[in-house]
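Let me begin by presenting the structure, written as structure tokens, before commenting on it.
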Amino acid sequence: MRVIDSHTGGEPTRVILDGGPDLGTGSLAERATKLATEHEGFYRSVMLEPRGQPAMVGALVVAPVDPDCAVGVIYFDAAAVIGMCGHGTIGLAVTLHHAGLLPLGPHLIETPAGRVRVTLHDGHTVTVENIESRLVQPDVVLDVPDIGQVTGDLAYGGNWFFIVDPSPVPLVVDNIPALTHATKLVRAAAWAENICGENGEAVDHVIFQAPSPVAGVLSRNFTLCPDDAYDRSPCGTGSSARLACLAARGDLPPETEVIQESIIGSQYRLSYRPGPQGGVLPSITGTAFITAESQLFFQENDPFVSGIHA
Ligand code: PYC
């Protein structure tokens with residue numbers, strides 16, 4: 001299996017160029033469901049140690065249905081197939097360019113969540129215009145064991161986010177274990193209270209948000225992903241959901257650029273335009289760098305051929 005690894009603001013992406021499972025020719029959403037239900041062993045073995053690493057997101061390149069799209073892609077981490085991935089799309093565009101498969105300039109990419117536009121400005125810098133994002137349920141109050149009452153927004157940015165602002169735990173690197181613990185508790189409380197999308201979609205990511213102490217940076221976030229790793233990047237789909245919340249509250253005018261940073265200080269430039277369904281069309285600009293080109297092996301006598309599930 002041929003893969004190219006990159007990182008976007010510190011968050012790893014593994015692009016699978018060939019050797020993935022045959023998911024047929026249905027819609028991207030149908031193929032994503034097939035990957036999630038029939039090939040769990042595949043995607044976990046690619047993401048988990050010893051082949052993968054914590055926080056890694058996989059990007060399986062597939063043929064698009066829409067002939068206007070340069071490529072189709074299905075994203076996943078070690079625990080789940082996800083609808084869209086912002087850092088992964090920046091990494092994918094940089095990777096395809098590195099492999100000679102995508103020239104500089106604008107391109108459409110098909111994902112299970114819908115079509116996104118990428119503009120490859122140079123070999124590292126990409127703007128993603130994400131799918132329409134929206135605030136779904138504002139000011140949800142949860143009783144969270146060990147933490148107490150927490151108020152957050154349920155919002156959609158290609159994945160389902162519960163966004164708590166201000167963070168109940170200070171957003172500093174030394175607190176990463178405490179933030180991981182607390183966001184897991186919030187996710188469990190959201191599940192227990194059945195806080196979900198219009199069609200029963202469960203919260204798959206939790207964000208703690210706070211103003212940034214860095215001059216010129218609007219805010220800092222900590223994002224818990226489905227596999228319990230934290231996003232090293234400022235999370236593209238999470239930033240999209242966050243833009244939808246800011247816009248819905250009148251806290252950020254359209255076409256106004258702000259900087260969002262992650263818990264490790266990597267940054268995205270963000271803005272939005274009003275969307276046709278009342279949400280926002282987010283624009284996310286970030287950078288990615290190639291870290292490896294490899295061939296993955298799955299040897300039959302390897303006792304950890306399916307990854308370490310501890
Ligand atoms: O950037 O959208 C994102 C993302 C989702 C999970 C990890 N990164």
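Any value given below was found using the heavy atoms of this structure, including those in side chains, with hydrogens, waters and symmetry copies removed. Both ligands and their constituent atoms are indexed starting at 1 by order of listing.
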Cation over ring face, Arg51 and Phe298, 6.0 Å, 45° = yes
Any N/O of Ser233 closer than 3.5 Å to an N/O of ligand 1?
-> no
Is the NZ or CZ atom of Arg232 positioned over Tyr230's six-membered ring, under 6.0 angstrom from the centre and within 45° of the axis?
-> yes
May I ask you to identify, for Cys225, whether its side chain, its backbone, both or neither come under 4.0 Å of ligand 1 on a heavy-atom basis?
-> side chain
Residue portion contacting ligand 1 (non-hydrogen atoms closer than 4.0 Å) for Asp231 | side chain
Would you check the N or O atoms of Gly86, main chain and side chain alike, for any that come under 3.5 Å of an N or O of ligand 1?
-> yes
Using the ring pair (Phe, Tyr, Trp, His ring centres under 6.0 Å) rule, take Phe76 and Tyr43 through it: C-alpha gap first, then chi angles, then the decisive distance, then the call.
-> CA-CA 7 Å; Phe76 49 86; Tyr43 70 80; 5.5 Å; yes
The atoms of ligand 1 lying under 4.0 Å from a heavy atom of Gly236, numbered in the order shown, are 1 (O), 2 (O), 3 (C)
Treat each ILVMFWY residue as a node, draw an edge where side-chain heavy atoms are under 4.5 Å apart, and state whether Val62 and Leu96 are in one component.
-> no
Taking side chain as C-beta onward, heavy atoms only, is Val203 less than 4.5 Å from Trp191?
-> yes
Among Glu11, Arg232, His205, closest by heavy atom to atom 5 (C) of ligand 1 is His205
